[in-house]
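The block underneath contains the structure these notes are about, expressed in structure tokens.
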Amino acid sequence: MQENEQEHFKRELGLLDGTMLVVGSMIGSGIFIVSADIARRVGSAGWLTLIWLISGLITIIAAVSYGELSSMFPKAGGQYVYLKEAYNKLIAFLYGWSFFAVIQTGTIAAVGVAFSKFAAYLYEPFSDENILYEIGFFKLNAAQLVSIFTIILLTYINSRGVKNGKILQTVLTIIKILSLLGLIVFGLTLAAKASVWDANWTDAWSTRAFDTESGTWLPIGGTALITGISAAMVGSLFSSDAWNGVTFIAGEIKNPQRNVGLSLFLGTFIVTIIYVLTNIMYLAVIPLDEIATAKSDRVAVVASQYIFGNIGTLIIAIMIMISTFACNNGLIMAGARVYYTMAKDGLFFKKAAVLNESSVPAWALWAQCVWASALCLTGKYGDLLDFVIIIVLIFYILTIYGIFILRKKMPDAERPYKAFGYPFLPMLYIVVASAICISLLITKFSTCGWGVLIMLTGIPVYYLTKPKEN
């Protein structure tokens, strides 16, 4: 398949493009809003910063571990291919099934909805309160249409060739990085107050939870603390997710054995630094109570109002629109390559394996577009994040364990790059991520349970649709 792929996919992406795809896909709207929920659950500056730091570090560990797999299998499909090689077609299919049903499309829908939420700041009629059509319990609002429009537009741009998507991704991501760094610098120089910083760090490690009904803080410890931390990490891990997108488009990256692994490390490292600095800035500018009670969780809007005054809201709205647009461009570009590879293996619609005249899997792009647009209409994207994160973590654990399997299974295979800190760091990731999964299943069973169920429904689908083995 690899030779065949060389003739079709065009290797037009360099190290900068790969790194920008990782950074652009990771930074969506999470960093602008998630800190409010984390603050409510753990109630201290130290824990807020630590949760972002831990999420960043385990993401970097996962990314550098993937470097070994990406250097062994430098072709389109990424994680799907690694799972197939380490385990079997069933596990790979379950990943692809979950990826199409929830992971990628659910994320695209959630990010599209975040875009429209902030577009309503610039133009009020785009708001989700503007109901355009109602029948029974179904309500169609303007925000959903805006989300769907952006998904269709980005799918169209990407169907015209990888070059268009690449240029858009790199330009928007550089704007996004510079604007976030600008926000951090302005925040720390113009609006930081020693009194706010000192107050936030006085009891930096005493944990408490915010009770929204009474509007008061309650001290927490033991099980409640573990529950709070794992629930808080859903947001920070989701904000740090989608870094693996670059592995899906390895077939279009120049010198993939080197550049895929390096893009993964550089991208996750850059994002972790930006996320931790952004939270340090929040803590220097906003009292912790205000972070926890920010309207609609929009912490960045509160920070921006402190920094820039009334125009701050508009500045953040434009930043988040650029950020989410670039994020979805990366997700849409990368996702279609997984369906392409599955179709090549006879595990997805045949048409998804066809490349158009621009050498991109256009049918797969449009199939993804239709389902992601349908998910926008459910309006249940908050729950989608819980569905997504549990499945994402399960497959990250399986993939990273796959490194151990492949070292035994293919001891002599060429490994231009070896997992950093093996076996200690990959095993550390597996232990931490497993603990988070177990905690989530216990504390958020109503949503995470559905996520696992969607994944498991793939098993009968696999056996019903599996091509007969010759």
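- Partners of L50 under the side-chain contact (heavy atoms from CB on, under 4.5 Å) rule, at least two apart in sequence or in another chain, are W47, I54, W205.
- K418 has no carboxylate O lying under 4.0 Å from a charged side-chain N of E68, or vice versa, which leaves the two without a salt bridge.
- Taking the six-membered ring for Trp, Y463 and F93 have ring centres at least 6.0 Å apart.
- Evaluation of the salt bridge (charged side-chain N to carboxylate O under 4.0 Å, His left out) rule for K176 yields no partner, not counting sequence neighbours.
- Salt-bridge check for E85 with K409: failed, with every basic side-chain N at 4.0 Å or more from each acidic carboxylate O.
- Legend: salt bridge (Lys or Arg N to Asp or Glu O under 4.0 Å) pairs involving residues 230-245, not counting sequence neighbours: none detected.
- The existence of a salt bridge linking R337 and E252 is confirmed by a sub-4.0 Å separation between a basic side-chain nitrogen and an acidic carboxylate oxygen.
- F265 has its ring centre no less than 6.0 Å from the ring centre of W243.
- Classification of the F248-Y95 ring pair by plane angle, with boundaries at 30° and 60°, yields tilted.
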Validation: residues 431-441 side-chain donor-acceptor distances under 3.5 Å, sequence neighbours left out:
residue: S434; atom: OG; partner: I430; partner atom: O; Å: 2.6
residue: S439; atom: OG; partner: S230; partner atom: OG; Å: 2.5

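- Applying the salt bridge (Lys or Arg N to Asp or Glu O under 4.0 Å) test to pairs two or more places apart or on separate chains, those with a residue in residues 16-26 are D17-K166.
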Which atom pairs, donor and acceptor, lie under 3.5 Å between side-chain atoms of residues 24-31 and protein residues at least two apart or in another chain?
residue: S25; atom: OG; partner: L21; partner atom: O; Å: 2.7

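- A salt bridge is absent between K89 and D345: the closest approach of a Lys/Arg side-chain nitrogen to an acidic carboxylate oxygen does not fall below 4.0 angstrom.
- Using bins of under 30°, 30° to 60° and over 60° for the plane-to-plane angle, the ring pair Y422/F404 lands in the tilted bin.
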